[in-house]
Amino acid sequence: MQNTPHLPLEELLADPDVQAVISNTNAELIERRSYQPPACSAFEGRGTELVADSSYTFEIDREARRQLSNIIDNPVQEVRPTEAPSDNFLRPRRIGIVFSGGPAPGGHNVIAGLYDAAMKANPQNEVVGFLVGPDGIIQGDSISITAKRVDRYRNLGGFTMLKTGRTKIDTPKKMALSRQTLLEMQLDALVVVGGDDSNTNAAFLAQELYDSGIQVIGVPKTIDGDIQVRDAAGHVLCAMSFGFHTAARAFSQEISNLCTDSSSDIKYWHICKVMGRVASHLALEVALQTHANLCLVGEDLADYVDIRRLKRADAEGTIDYTAYGMTLRHVSRVICDAIIARAAVGKNYGVMVLPEGLLEFINEIQVFIIKLNTIIAQYNNTHDLDFHAAFPRLQDKLEYLRRLVRGIRKDLSYGVWNDRDDELFNDMPSFFQEGLLTERDSHGNFQFSQVPTEEVLLGMVRDYLGILREKGRYKVGVHRRFVRKTLKRGGLDPDLYGPAVFQNYGNAEYLLTHDTIISLKTLRQALERAGVLTTKADIPAAVEKCYLATVPKFKTQTHFYGYDGRGADPTRFDCMYGYNLGLTVFSLIANGATGQMAAIRNLEHDFKQWTPIGIPIAPLMHLEERKGRLALVIEKALVDVKAPAFRIAAAYRDKWLAATANNDQYRRPGPIRFTGKSEEDRPITLRLNSIGHVLANGDPE
Ligand code: FBP
């Protein structure tokens with residue numbers, strides 16, 4: 001091999017070709033930054049106006065009416081184009097924007113849309129960004145959003161321009177400091193880009209700042225896809241938050257690659273936990289995108305009714321409440337059934353998708369979560385110390401719980417935690433205990449992403465598979481051809497040895513050993529019983545080889561898909577969606593709205609039908625337990641198991657499990673492409689629900 005001449009490092013680094021290759025700026029980045037997402041037709045005029053649409057109504061919570069009186073009667077408003085915008089629309093204004101909660105692809109385009117619309121209306125308009133989430137408002141930490149800054153982040157993922165945080169403006173002090181910042185900065189409006197909790201916070205800010213004339217507008221952001229809004233009659237106002245499509249596509253590409261690897265290497269089950277704090281929207285979309293072999297949907301498990309138990313209880317004249325919903329053990333059985341069914345046709349491998357929020361739908365675990373939430377919240381409310389700071393080690397926390405049972409801490413949570421809870425809790429592996437006791441987030445939410453749900457389930461799956469193997473029920477089916485060839489090569493008559501070893505010899509493509517054969521010892525016994533082996537003789541090598549091929553090894557690889565997809569560069573759908581949300585935000589502000597959430601109606605239909613609207617936030621609120629108290633929050637939208645998308649996925653369950661001699665049914669969604677035609681233009685869940693709606697009603701909504 002020729003020796004490379006030793007070039008001084010400085011010369012190497014100074015070379016323009018080297019510089020071009022290692023530059024941060026590549027062709028993809030340039031293309032992304034220069035892409036101009038199309039604007040909805042509502043934005044094609046010189047300006048816009050808002051038209052109230054009172055045909056949409058909401059069931060309003062009494063507490064929401066009391067606490068949010070200034071904004072509770074807001075109507076749904078549609079953004080319409082106008083060639084004669086009002087003076088108010090055109091006057092110069094200062095608008096602040098903040099990211100709140102987890103990142104979601106498309107956020108930078110919300111800023112770009114807001115900025116472009118603001119500049120179009122009046123070049124004297126100013127946009128400022130608060131840094132590191134709501135803390136930036138409380139502390140008055142902001143930057144000016146300039147054209148250069150916006151151009152740098154157009155169509156790029158993450159929330160890197162401003163960063164984000166999970167602080168909630170939920171105390172009179174934080175509210176007062178926020179008001180002070182906004183007044184001092186002479187802001188006309190504040191835009192909160194966030195999830196359900198952040199939009200809840202936006203509504204309270206709008207209420208609080210109403211008198212000072214500072215408008216507050218929310219933007220539905222979260223990869224979880226759980227901000228979906230319908231009116232009282234069920235009309236869809238917001239079908240999906242931005243960021244969902246990109247995260248789902250990013251996860252799907254990774255999981256699809258695992259499907260390819262798994263079906264090539266044929267030795268691993270890949271266990272993929274997929275983000276989504278509570279709702280399983282992302283897991284369902286991944287299932288539709290990849291056709292992975294097994295996908296659990298939390299909402300489906302919660303709906304489960306054990307008919308056999310019900311019948312038994314009925315016959316005994318009793319009621320069995322445990323027949324409703326699934327236990328963790330039951331879920332592990334469902335997983336084992338899938339593994340066993342595939343193994344029987346020689347596929348001791350596969351890919352399964354578990355939603356991050358699965359535990360929320362398992363009754364026994366949910367009870368623990370609620371009880372521990374209450375105990376932690378009560379401790380924090382009573383003391384001036386944080387529960388986790390007071391009891392940093394797991395042992396200390398467990399000891400505190402034990403003291404509650406013994407009634408030593410009668411002042412606190414007595415009765416919430418009883419002997420049985422303590423017993424059941426102590427039976428759990430310590431990593432699971434630690435997970436359930438993990439610190440709640442600033443909104444009081446349980447942090448599912450911190451709990452190794454997959455490990456808990458896998459432990460149970462492994463144990464049960466072990467039992468089933470002992471019972472001769474978990475085994476790998478071997479192909480008839482392999483058996484015949486191996487026996488013949490060993491000089492044995494397949495038709496003599498085959499029936500002695502295999503229960504379905506002669507009429508099946510994949511052969512299964514008799515249930516009694518679970519070891520070499522029991523194999524020998526079976527051969528002796530069949531009269532093809534004498535007591536003293538060795539098991540023929542060819543027979544042993546066939547048997548060993550049927551012995552299952554459950555080898556797994558676990559993966560967690562969440563933060564990676566949250567940071568992905570947005571799909572074209574999310575680029576367009578985020579950008580048009582930004583344009584909508586400006587229209588709402590410039591036309592005087594407050595306490596509204598920017599949204600695009602008809603997202604599930606063709607882009608030409610996209611309609612920008614403002615949705616009143618206050619009427620979406622209901623009371624929910626948070627930090628041990630009832631609080632007004634926007635209700636999370638869960639997977640609707642009666643909607644077409646879920647029903648179609650459920651109908652394909654067996655096909656995608658592919659527990660047949662046929663090929664697997666994986667779908668290759670491919671990478672997120674910015675150009676080209678291969679990427680679908682919106683989430684499959686939305687498409688299926690929209691097709692289903694048209695089929696049922698004859699027309700789009
Ligand atoms: P948002 O609801 O704030 O958009 O965040 C969603 C999410 O990504 C969940 O899917 C996940 O459970 C959680 O954030 C993780 O939180 P953290 O970023 O604090 O680890």
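In listed order, ligands and their atoms are each counted from 1. All of these numbers come straight from a predicted model, not from anything done at the bench.
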Give the atom numbers and elements of ligand 1 that come within less than 4.0 Å of a heavy atom of Gly101. 3 (O)

Under 4.0 Å from any heavy atom of Gly276, which atoms of ligand 1 are there? 10 (O)

Quick check: Phe130 with Phe99 (ring centres under 6.0 Å apart)? no

Is any NZ, NE, NH1 or NH2 atom of the basic residue among Lys273 and Glu356 found under 4.0 Å from an Asp or Glu carboxylate oxygen of the other? no

Considering only the protein, which heavy-atom contact is closest to atom 18 (O) of ligand 1, and what is its distance? Arg566 NH1, 2.9 Å

Under a 4.0 angstrom heavy-atom cut-off, which atoms of ligand 1 come close to Tyr563? 15 (C), 17 (P), 18 (O), 20 (O)

My understanding is that we take every heavy atom of each candidate and find the minimum distance to atom 17 (P) of ligand 1. Doing that for Arg166, Lys636, Gln450, which one comes out nearest? Arg166

Test of ring centre spacing under 6.0 Å for His330 and Tyr304: yes

Tested for salt bridge (Lys or Arg N to Asp or Glu O under 4.0 Å) against Asp196, the lone hit among Lys636, Lys221, Arg277 is Lys636

Yes or no on salt bridge (charged side-chain N to carboxylate O under 4.0 Å, His left out) for Arg154 and Asp116, after CA distance, side-chain angles and deciding distance? CA-CA 11 Å; Arg154 281 182 196 271; Asp116 288 354; 2.9 Å; yes

For Gly102, counting its heavy atoms only, list the atoms of ligand 1 lying under 4.0 Å from any of them. 1 (P), 3 (O), 4 (O), 5 (O)

When you measure from atom 10 (O) of ligand 1 to every protein heavy atom, which one gives the shortest distance, and what is it? Asp224 OD1, 2.6 Å

Quick one: which ligand 1 atoms are inside 4.0 Å of a heavy atom on Arg277? 9 (C), 10 (O), 12 (O), 13 (C)

Ligand 1 atoms in contact with Glu356 (distance to a heavy atom under 4.0 Å): 10 (O), 11 (C), 12 (O)

Ligand 1 versus Thr222, non-hydrogen atoms closer than 4.0 Å: side chain, backbone, both, neither? both

By number and element, which atoms of ligand 1 are closer than 4.0 Å to a non-hydrogen atom of Lys221? 1 (P), 3 (O), 4 (O)

Would you find a donor on one side and an acceptor on the other, under 3.5 Å apart, between the side chain of Asn201 and the backbone of Ile169? yes

So CD1 of Ile369 and CD of Glu364: to nearest 0.5 Å the spacing works out to 11.0 Å

Salt-bridge contact Arg682-Glu604 (side-chain N to carboxylate O under 4.0 Å): no

